[in-house]
Amino acid sequence: MTQTVLPAAFGFLASAHSGGGPIPTAAFATRGRHTRLSERLHGQTVDAVLVHPGAGPCAAHATDGDVLVLFAGEIYNRDEIHGTVGSPASASDAELVSGLFEKYGPHAFRLVNGRYAALLVTGTRVLAATDHAGSVPLYVRPEPGHVLAATEVKVLAEAGAAEGGAPVPGPRRLRGLPGVHRVPAGTVLDVRVDTGEVTAHRTWVPPVHRLLMEEDEAVNSVRAALEKAVIRRLPGAGRPLVVLSGGIDSSAVAALSVGAATAGVDTLSMGTDVSNEFPQARVVADHLRSEHREITVGSEDLLALLPHTVHAAESVDPEVIEYLLPLTALYRRIDGPPRRVLTGYGADIPLGGMHREDRLPNLDTAVAFDMDTFDGLNEMSPVLSAVSGHWSTHPYWDREVLELLTSLEAGLKRRYGRDKWVLRAAMADLLPAETVTRPKLGVHEGSGTTASFSLLVRRAGAAEDEVAAVKARVVQRLFDLTVVGGVHPDAVVVEEVIGKILAEGGR
C-alpha cells in the first residue's frame with residue numbers, strides 16, 4: 001500500500017514566556033513521535049513539543065523574523081491562499097499562515113478553511129486560533145509572563161494550579177482545572193504575555209441568513225460543495241478509509257470518495273452484539289464496489305471503553321460521549337499503518353436531521369439553536385482517531401459546505417415528508433434507492449450504545465428516573481479521573497465508578 005499523506009502534526013504543547021517557566025510533561029493521548037523545539041524571539045521565548053506521525057514535523061512550524069507559527073492539522077483551501085500571498089507551491093500550512101499574518105494580521109484566520117489549531121507568537125503577543133468548527137480543540141492558560149497552550153487539556157493538567165491571571169472573556173473554563181480555558185470555535189485569543197491580558201476576536205460565526213433556491217439549483221450546489229470537500233480531504237497517495245453506516249450521510253461521502261480516489265476506497269462498519277447496521281452498509285459497499293469490512297464489538301467491551309472515550313474527547317457531555325463511543329471502538333480496531341479516515345459525521349446539525357419536524361419555522365429554530373450551541377463539545381476531536389495513529393476528517397463540516405447547508409431555507413431540508421431532502425436528492429444518482437430513502441438513525445443508536453450504557457446503569461441499581469442523571473455523573477467522574485487526575489483509562493473500572501456514584505446518592 002502506498003503511504004497515506006497525513007498532517008505534519010496532530011497536536012502540540014507550547015510554553016511562551018518572557019522569563020523562565022518549565023514546560024509540562026507532554027502527556028498526549030495522541031499516538032505519535034514527540035519533537036521538542038525552542039525559539040528565542042525578540043520579546044519572548046517559545047518552548048514546544050509537537051506530536052506528529054512522520055519522521056519530522058518541520059512543516060508544522062515556521063519562523064519568519066519575529067513570528068513563530070505552530071500548526072496542528074491541515075488546510076483545505078491551500079490553492080486560494082497560495083494565490084493570495086504569492087507563496088511557492090511547496091509552502092507548508094504553517095508557512096501559509098505566517099504569510100497570511102504578514103498581510104492581514106490576526107484576521108488571517110478568517111481566510112483559512114481547515115481542520116486545525118494554531119499558535120502564532122510575535123512580539124509580546126500569543127495568538128491562539130481554532131478553525132471555524134473548533135474541530136481541533138485548543139486550550140490556553142494565560143498568566144502574566146507565561147502562556148501555556150495545548151491541543152489536549154490533560155497536558156495542561158500536568159502543570160498544576162494556575163498562580164493568577166487576568167479574566168478571559170468568552171471561553172469556557174474547564175472542569176477541575178482553574179485558569180485553563182478552551183478557545184472557542186472560530187476564534188483567535190490574543191494574549192499579551194507580559195500582562196496575561198486576553199482579547200477575543202471572532203473569525204467565523206454560523207450564518208443566520210437563509211437562501212431561497214429552486215430545487216435544482218439547491219441540489220446541484222450541495223452536490224458540488226460536498227464533492228469539492230471530499231476531494232480536498234482525499235490522500236495525495238494511498239487509499240482513504242470511509243466509516244460507513246449505510247445511512248445517507250456516510251454513504252454520500254463514500255460514493256464521492258469512490259468517484260474521486262485514484263487508488264480505490266476502503267469502507268468499514270461497526271456494530272455490537274446488541275445491534276448493527278451491517279446489511280444496510282453492505283448494500284452501499286456492494287453498489288460502490290469498495291473493499292468493505294465489518295467489525296463487531298461486544299457491548300461489554302464497548303462500555304469498557306467509556307474511560308478511553310472521555311480521556312480522548314475530554315468532554316463531560318454524556319450524549320456526546322455516547323455518540324463517540326462506537327467511533328472510539330472502531331478506530332482502535334483499524335489495524336495496519338496509519339490511515340486517513342473520512343466520516344459522514346455532522347450532517348445532522350446544519351440539516352436538522354435529528355428533528356422530526358414538518359413545521360418549517362420550528363425546524364429552522366432548531367437548526368439555529370444547534371449551530372449556536374455545538375461549540376465546546378469536542379465531538380470532532382481528532383484525538384479519538386489519533387490515539388491509534390489515524391487522522392479523521394469530516395467533509396460536512398468543511399467551512400464552505402457548512403455555510404451552504406446551514407443557510408439553505410428549511411423547506412429544502414424537510415421536503416416531501418423527508419428529512420435532509422436536499423442531500424438525498426443530490427446523491428440520488430450515485431446510491432441505491434433504498435439508501436437514499438432510508439430514515440435517519442444515529443451511530444449510537446445503530447450500534448446499541450445508548451441501550452447498553454443505560455442497561456449497565458440499571459443493572460447497577462439505578463431507578464428508571466435516575467438513569468440520565470447517573471450517566472451524566474459517570475461521565476463527569478471519568479473526566480475527573482482520566483483528564484484532570486491523570487489516571488490511565490485502563491486502570492478505571494466503569495462498574496466500580498457507577499457503584500460509588502449510586503452509593504453517594506444525591507451528593
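The structure displayed is predicted, hence computed values, not measured ones.
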Side chains of Leu325 and Phe453, heavy atoms from C-beta outward: is any pair under 4.5 Å? no
Salt bridge present between Arg477 and Glu496 (N-O < 4.0 angstrom): no
Verify, without hydrogens or angle tests, whether Arg232 (side chain) and Asp398 (backbone) share a donor-acceptor contact under 3.5 angstrom. no
Once you round to the nearest 0.5 Å, how far does OH of Tyr139 lie from CG of Leu177? 9.5 Å
Salt bridge or not between Asp266 and Arg239? Use side-chain N to carboxylate O under 4.0 Å. yes
What's the separation between atom OG in Ser315 and atom CD in Glu379, rounded to the nearest 0.5 Å? 8.0 Å
Any ion pair linking Arg141 and Glu143 (charged N to carboxylate O, less than 4.0 Å)? yes
Side-chain donor/acceptor of Glu400 to backbone N/O of Ala229, under 3.5 Å: no
Derivation and outcome, ring-ring contact (aromatic ring centres under 6.0 Å, His included), residues Trp397 and Phe374: CA-CA 12 Å; Trp397 278 67; Phe374 75 87; 4.8 Å; yes
With heavy-atom distances below 4.5 Å as the criterion, would you say the side chains of Glu74 and Asp93 are in contact? yes
Please report whether the ring centroid of Phe479 lies less than 6.0 Å from that of His311. no
Does the plane of the ring in His132 sit parallel, tilted or perpendicular to the ring in Trp204? Use 30° and 60° as the thresholds. perpendicular
Nearest-0.5 Å distance, CD1 of residue Ile81 to CG of residue Leu100: 5.0 Å
Under 4.0 Å between a side-chain nitrogen and a carboxylate oxygen: does that hold for Arg182 and Glu314? no
Are Arg125 and Asp190 ion-paired here, with the side-chain N under 4.0 Å from a carboxylate O? yes
Establish, from distance only, whether the side-chain atoms of Arg332 and Ser388 form a donor-acceptor pair under 3.5 Å. no
So, taking the atom named OG1 in Thr203 and the one named CZ in Arg399, what distance separates them when rounded to the nearest 0.5 Å? 8.5 Å
Quick one: does any side-chain atom of Arg339 pair with a main-chain N or O of Gly336 as donor and acceptor, under 3.5 Å? no
Can you tell me how far apart CZ (Arg31) and OG (Ser385) are? Round to the nearest 0.5 Å. 11.0 Å
Any cation-pi pair here, Arg233 with Tyr76, using under 6.0 Å and within 45°? yes
Is the distance between the ring centroids of Tyr345 and Tyr396 under 6.0 Å? no
Separation between CD (Glu152) and CG (Asn378), nearest 0.5 Å, reads 10.5 Å
Answer yes or no: is there a donor N or O on one side and an acceptor on the other, between the side chain of Thr124 and the main chain of Val193, under 3.5 Å? no
